[in-house]
Participant: 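Following this message is one structure expressed as structure tokens.
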Amino acid sequence: EIFKETGSSKTEQLVWNYRVKLDPKGNVEKFKGRLCADGSKQTDVDPYLKYSPVVKFPSLLTLLSSALEKNMSITQYDIPMAYLHAKPSTRKVAKAPKSHRMLDKDGNEMYLEICRNLYGDVEAAKLFYEHNAKFLLSLGFQQCDEDPCIYFNEERTCYICVYIDDILVAASDDHTRTKIEDALTKKYKIKKEGDISWYLGISYERKGNKIMATQTSKIERLLETCNLQDCANATTPISETSPVDVRKLPNIDDTETLKKLQDAHPHMDLPSITGALLNLAHHTRPDILVATSKLARWISRPTNQIYTMAKQILRFLKATKYDGIEINAHGHKGMEVHVDSSHISERTIHGLSRYGYHISIGGSPIRSRTKFHTYAKLSTPAAEYDAICEAVKDARRYNDVYCQLNKIAHSTIAARIIFHSDCQPAIKAATTDKPGCIYADPEENRQRRILPIKNDKHIDVKYFKITDLQHRKLIDIRYKTGADQEADFLTKYTFSTPEFTRKRKFFVKDSRFFGAQRG
């Protein structure tokens with residue numbers, strides 16, 4: 001940075017940013033202060049054109065499974081003051097903070113010319129991403145087509161995962177790892193953090209060819225914030241079988257009623273709690289995904305019932321805070337997807353069908369999702385068919401990551417995605433060679449049209465996409481009974497405690513028994 005006099009009226013604003021950095025256990029590690037650009041004042045830049053990608057969590061899990069398969073070492077690094085390594089795209093001038101204002105000999109204010117990319121700038125993340133990507137490509141790495149934050153070399157002896165300034169390197173031998181480490185040190189003076197243990201807010205523990213990912217410390221901090229660290233445990237995240245009565249929900253403009261509810265639950269900040277629960281559900285605790293999805297729909301119009309729902313999830317997390325997902329070596333078994341859909345999930349509210357699917361590679365959970373269909377379905381097979389289409393679209397994205405990391409051709413059997421559904425009419429609709437009207441199971445005496453493919457352009461497009469993928473042997477749709485259907489867990493609100501306990505074992509494991517032989 002240099003001082004330079006200018007008569008320009010278009011100057012950047014600088015602010016001081018202070019933050020407390022916590023360690024994995026939630027203790028204060030350091031106090032940080034940083035001079036940043038005030039991006040909120042940069043109205044002349046379109047933020048949508050300055051988007052910077054970050055690695056998707058399913059892509060990270062796919063990389064870890066592939067690294068375990070090759071018995072790679074997995075090491076993490078941090079780039080100090082990462083954004084400052086890139087340069088601004090245009091010349092920028094800023095006013096110094098009030099405590100550092102300077103005047104020339106004539107009393108005129110001096111300005112700062114910004115020579116480095118500052119944190120807080122609208123384009124800062126994008127510029128550093130491009131800077132770092134160019135550097136990694138110069139080392140001979142290739143970017144994954146579906147996730148540009150995943151890199152690999154031609155021999156597939158080294159994988160790199162980038163999340164802004166946090167880098168994960170998986171290498172097949174010490175020579176390869178040292179070579180990459182030396183290049184990163186020379187370029188960025190990286191901070192070496194050892195084998196993977198704490199990455200992106202998640203704790204990792206490795207034993208042999210398995211890794212356990214947990215967020216125990218996050219759950220404990222959440223319980224402490226809500227003053228529920230001494231609450232009674234719950235065996236399921238949902239206890240109420242009755243649906244939310246929309247007639248009793250307060251109006252969003254009824255500030256008086258909402259204020260009374262907040263005063264009655266002083267430690268329960270619903271938006272903040274729901275955000276934390278969604279983070280857990282989408283990373284290491286898919287067993288609370290349905291419960292959290294239901295809670296998130298009503299946080300802007302809460303009642304005592306909604307607060308009770310939130311406390312029920314927290315009580316369940318307290319009882320299972322050591323649970324997480326177990327990542328295994330994929331064993332070249334390929335990707336499997338379990339798909340399920342209900343007919344009408346909430347009859348008294350909107351009548352839409354809830355669908356869900358669970359993606360795994362070699363038995364390792366990669367992604368779980370639950371959502372409502374965008375419009376009402378006439379039958380369960382119609383809802384299931386549409387769910388299969390949505391699952392195919394999402395699974396192929398991460399299957400491409402799996403294939404590129406393992407150098408697998410899409411035309412081979414190893415790259416084929418296996419889909420499991422418990423609805424035979426939907427499978428028939430998805431696998432038939434003759435476009436037309438598919439009828440429900442005759443044994444149930446439901447002789448009615450459920451998929452008028454010829455008259456519905458949306459179904460028509462999905463139908464031909466699915467059949468094309470099957471003819472090319474890229475996917476295979478199979479029947480699996482409801483008792484063994486993993487995705488059944490993602491479409492229903494309540495189970496008996498024994499059934500819930502059995503179903504959730506498909507998704508999470510207890511880290512206290514990680515590595516122990518299970519009977």
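Keep in mind that what you see is a predicted model, and the values were worked out from it rather than measured.
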Participant: Just how far is it from atom CG of Asp166 to atom CD of Glu193, taken to the nearest 0.5 Å?
Facilitator: 7.0 Å
Participant: Can you check whether Phe500 and Phe316 have ring centres sitting under 6.0 Å from each other?
Facilitator: yes
Participant: Is it the case that the side chains of Glu384 and Ser421 hold a donor-acceptor pair, with the cut-off being a distance below 3.5 Å and no angle test?
Facilitator: yes
Participant: Just by distance, with hydrogens left out, do Asp394 and Tyr357 show a side-chain donor and acceptor under 3.5 Å apart?
Facilitator: yes
Participant: Is any NZ, NE, NH1 or NH2 atom of the basic residue among Arg206 and Asp195 found under 4.0 Å from an Asp or Glu carboxylate oxygen of the other?
Facilitator: no
Participant: Taking side chain to side chain contact (heavy atoms under 4.5 Å, CB included) as the definition, give me every residue that meets it alongside Arg478, ordered by chain and number, with sequence neighbours left out.
Facilitator: Ile418, His420, Asp476
Participant: Can you check whether Leu228 reaches Leu222 side chain to side chain, under 4.5 Å on heavy atoms?
Facilitator: no
Participant: Contact between Lys189 and Leu184 at the side-chain level, heavy atoms closer than 4.5 Å - yes or no?
Facilitator: no
Participant: First locate atom OG1 of Thr216, then atom CG of Asp323, and finally report the distance between them rounded to the nearest 0.5 Å.
Facilitator: 8.5 Å
Participant: Asn406 and side-chain hydrogen bond (donor to acceptor under 3.5 Å, both in side chains): which single residue from Lys70, His332, His330 fits?
Facilitator: His330
Participant: Centroid separation under 6.0 Å, is that true for the rings of Tyr151 and Tyr159?
Facilitator: no
Participant: How many angstroms lie between OG1 in Thr214 and CZ in Arg285, if you round to the nearest 0.5 Å?
Facilitator: 10.0 Å
Participant: Would you say the rings of Tyr119 and Tyr83 are close, in the sense that their centroids are separated by under 6.0 Å?
Facilitator: yes
Participant: Salt-bridged, Glu499 to Arg502, with N to O below 4.0 Å?
Facilitator: yes
Participant: Just verifying a value: how many Å separate Asn279 CG and Leu200 CG, rounded to the nearest 0.5 Å?
Facilitator: 10.5 Å
Participant: Is the CZ atom of Phe135 crowded by more than 12 outside heavy atoms at less than 6.0 Å?
Facilitator: yes
Participant: Please check if the distance between the ring centroids of Tyr188 and His85 is under 6.0 Å.
Facilitator: yes
Participant: Are His373 and Tyr355, when compared by the centres of their aromatic rings, separated by less than 6.0 Å?
Facilitator: yes
Participant: Can you tell me how far CZ of Arg177 sits from CG of Asp182, rounded to the nearest 0.5 angstrom?
Facilitator: 9.5 Å
